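In what follows, residues are counted from 1 in the order of the sequence shown. What you are looking at is a predicted structure, and each value in this text was computed from that prediction instead of being measured.
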Amino acid sequence: MSIDKYRIKLGDRIDLSEWDPRDKSEFDGGKKAGIKATRPLNARLEALQELLYAESKHKVLIVLQARDAGGKDGTIRHVFDGVNPQGVKVASFKKPTSLELAHDYLWRVHPHTPASGEMAIFNRSHYEDVLVVRVHDLVPEKVWRRRYDHINAFEKMLADEGTTILKFYLHISKEEQKERLQARLDEPNKRWKFSSADLAERKLWGAYTEAFEEMLSRTSTDYAPWHIIPADRKWYRNYVISRILVDTLEGLKMRYPQPEEGLDDIVID
Ligand code: AMP
Ligand code: MG
């Protein structure tokens with residue numbers, strides 16, 4: 001599969017109506033085969049993460065953004081199934097607290113970026129500050145509009161300091177969101193996930209589309225590219241993201257650290 005297909009280059013003008021949320025063109029076969037094909041990728045990711053941790057040189061940051069019920073939680077559960085929790089941390093960004101709001105919007109984000117040898121997954125991120133904040137007019141346009149430049153500069157700094165950044169926008173259709181929200185109502189053990197606020201956000205579908213399009217168009221750099229992942233089919237979403245992660249980590253050419261000399265002669269008594 002070519003990673004490039006779903007990757008956006010800086011300068012691309014993104015029109016999400018041209019991106020099919022049901023696309024599965026990079027996999028010949030259906031759901032069952034797709035799930036099966038993802039399993040060895042999971043195992044590979046597990047091994048690569050161990051190597052990342054052992055080498056302790058690179059830092060890896062994965063950013064997930066999507067609409068409500070877009071599959072961020074499911075992606076984390078499935079794609080990172082099996083990786084050692086010791087080297088992976090997940091940061092979920094909720095509505096900012098009053099302390100967070102009293103600072104600049106990157107203040108709460110920076111402490112969660114990965115250290116050497118670590119992988120950090122952002123479940124929502126600093127991009128909420130050009131998404132929900134824009135759609136709900138939480139700050140004036142003049143204020144959120146200049147944030148694209150701040151964010152690019154922030155990510156450039158992280159990249160210069162050794163961070164590999166991968167950003168995924170999980171692209172679902174309005175129909176699929178309806179089905180997933182309905183399932184949260186219908187299935188007793190999913191009800192805890194239902195929030196009436198999600199219905200209010202759903203009414204703002206078009207405004208969010210514009211906000212996502214501009215975010216994708218303005219902040220997909222070569223050092224921190226966005227990928228638009230067709231996400232109506234969960235198995236395909238997991239397959240594609242796993243492929244991109246494995247390919248990217250393999251590209252880092254990581255090595256286990258040199259062991260001490262003379263280990264062959266050691267006899268433990
Ligand atoms: P959830 O991911 O379902 O737990 O919901 C988290 C909520 O926090 C979402 O409605 C987000 O839009 C909201 N949120 C996250 N970051 C911000 C932010 N910077 N400003 C306002 N709301 C935010
Ligand atoms: Mg929610």
Side-chain angles (χ1 to χ4, degrees), residues 3 34-66 68-97 100 106-128 154-155 158-159 161-170 180 184 189-190 192-193 224-227 229 231 234-259:
I3 278 184
I35 291 172
K36 199 167 162 215
T38 306
R39 238 170 262 140
L41 294 173
N42 275 328
R44 192 73 202 112
L45 187 64
E46 196 183 330
L48 284 161
Q49 185 259 323
E50 186 177 302
L51 187 52
L52 176 83
Y53 186 75
E55 193 190 42
S56 198
K57 180 175 155 195
H58 299 277
K59 311 162 172 76
V60 176
L61 173 60
I62 294 153
V63 175
L64 298 175
Q65 286 290 162
D68 297 306
K72 299 184 299 299
D73 296 317
T75 299
I76 295 170
R77 215 165 43 240
H78 288 101
V79 173
F80 299 93
D81 181 30
V83 300
N84 181 354
Q86 180 134 273
V88 180
K89 48 185 197 178
V90 180
S92 298
F93 295 94
K94 310 279 183 187
K95 232 170 141 217
T97 63
E100 287 168 347
L106 293 174
W107 179 79
R108 68 168 179 163
V109 174
H110 204 171
H112 299 284
T113 56
S116 300
E118 278 182 356
M119 199 183 268
I121 304 163
F122 283 5
N123 182 345
R124 303 186 189 269
S125 67
H126 42 297
Y127 285 99
E128 292 293 328
F154 173 61
E155 292 178 354
L158 295 177
E161 295 288 323
T163 312
T164 298
I165 306 173
L166 290 170
K167 303 182 295 200
F168 298 101
Y169 166 65
L170 311 180
R180 291 185 190 180
R184 288 180 181 183
N189 57 2
K190 280 192 179 168
W192 67 274
K193 272 202 150 190
W226 276 107
H227 301 78
I229 305 296
K234 296 171 184 172
W235 66 266
Y236 188 70
R237 169 200 78 199
N238 295 339
Y239 172 75
V240 171
I241 295 179
S242 300
R243 278 299 303 259
I244 294 172
L245 288 175
V246 166
D247 285 3
T248 305
L249 291 178
E250 277 176 348
L252 295 179
K253 308 274 178 244
M254 297 182 286
R255 295 272 171 273
Y256 279 105
Q258 277 298 317

task: Measure across P257 and A54 and return the closest heavy-atom pair with its distance rounded to 0.1 Å.
output: CG-O, 3.3 Å

- request: Test V109 against F93 for side chain to side chain contact (heavy atoms under 4.5 Å, CB included), laying out the working first.
  value: CA-CA 8 Å; V109 174; F93 295 94; 4.1 Å; yes

- prompt: So, does K167 use its side chain to make a donor-acceptor pair with the main chain of A224 at under 3.5 Å?
  reply: yes

message: Which residues pass the side chain to side chain donor-acceptor pair (under 3.5 Å) test with D81, not counting sequence neighbours?
response: none

task: Go through the steps to decide whether H110 and F154 satisfy the test side chain to side chain contact (heavy atoms under 4.5 Å, CB included), and finish with yes or no.
output: CA-CA 9 Å; H110 204 171; F154 173 61; 3.9 Å; yes

query: If you take all heavy atoms of N238 and S242, which pair is closest and at what distance?
result: O-OG, 2.6 Å

Check: G74 main-chain N/O paired with H78 side-chain donor or acceptor under 3.5 Å: yes

task: Indicate yes or no: does D73 engage K234 in a salt bridge with an N to O separation below 4.0 Å.
output: no

Can you list, pair by pair, the side-chain donor-acceptor contacts under 3.5 Å of residues 44-52, counting residues two or more places apart and other chains?
unit_1	atom_1	unit_2	atom_2	d
R44	NE	E250	OE2	2.6
R44	NH2	E250	OE2	3.2
Q49	OE1	N84	N	3.0
E50	OE2	Y256	OH	3.4

query: For the side chain of K59 and the backbone of E161, is there at least one donor-acceptor N/O pair under 3.5 Å apart?
result: yes

task: Look only at the side chain of R108 and the backbone of E100, and say whether a donor-acceptor pair between them is shorter than 3.5 Å.
output: no

query: So, do L249 and M119 sit near enough that their side-chain heavy atoms are less than 4.5 Å apart?
result: yes

message: Does any part of the side chain of V88, heavy atoms only, come nearer than 4.5 Å to the side chain of Y53, both counted from C-beta?
response: no

- prompt: Are L245 and T248 close enough that some pair of their side-chain heavy atoms sits under 4.5 Å apart?
  reply: no

D247 and R243 ion-paired at < 4.0 Å: yes

message: Please report the interatomic distance CG(N189) to CZ(R184), rounded to the nearest 0.5 Å.
response: 12.5 Å

- request: Look only at the side chain of S125 and the backbone of Y127, and say whether a donor-acceptor pair between them is shorter than 3.5 Å.
  value: yes

field: Gap separating the NZ atom of K253 from the NZ atom of K57, nearest 0.5 angstrom
entry: 12.0 Å

task: Could you check if a side-chain atom of T163 sits within less than 4.5 angstrom of a side-chain atom of E155, using non-hydrogen atoms only?
output: no

- prompt: What do the steps show when you test F168 against I244 for side chain to side chain contact (heavy atoms under 4.5 Å, CB included), and what is the final call?
  reply: CA-CA 10 Å; F168 298 101; I244 294 172; 3.9 Å; yes

message: Can you give me the closest heavy-atom contact between K89 and H112, atom names plus distance?
response: CE-O, 3.7 Å

- prompt: Atom OG1 of T38 and atom OH of Y239: how far apart are they, to the nearest 0.5 Å?
  reply: 7.0 Å

- request: For residues P114 and L61, determine if any side-chain heavy atom of one lies less than 4.5 Å from a side-chain heavy atom of the other.
  value: yes

- line: Looking only at heavy atoms, the pair that brings N42 and V79 closest together is OD1-O, 3.1 Å

query: Is there a side-chain contact between R124 and K94 (heavy atoms, below 4.5 Å)?
result: no

- request: Verify side chain to side chain contact (heavy atoms under 4.5 Å, CB included) between I165 and F122, making sure each step is shown before the conclusion.
  value: CA-CA 11 Å; I165 306 173; F122 283 5; over 6 Å; no

- request: Calculate, to the nearest 0.5 Å, the distance between atoms CG and OG1 belonging to L64 and T75 respectively.
  value: 6.0 Å

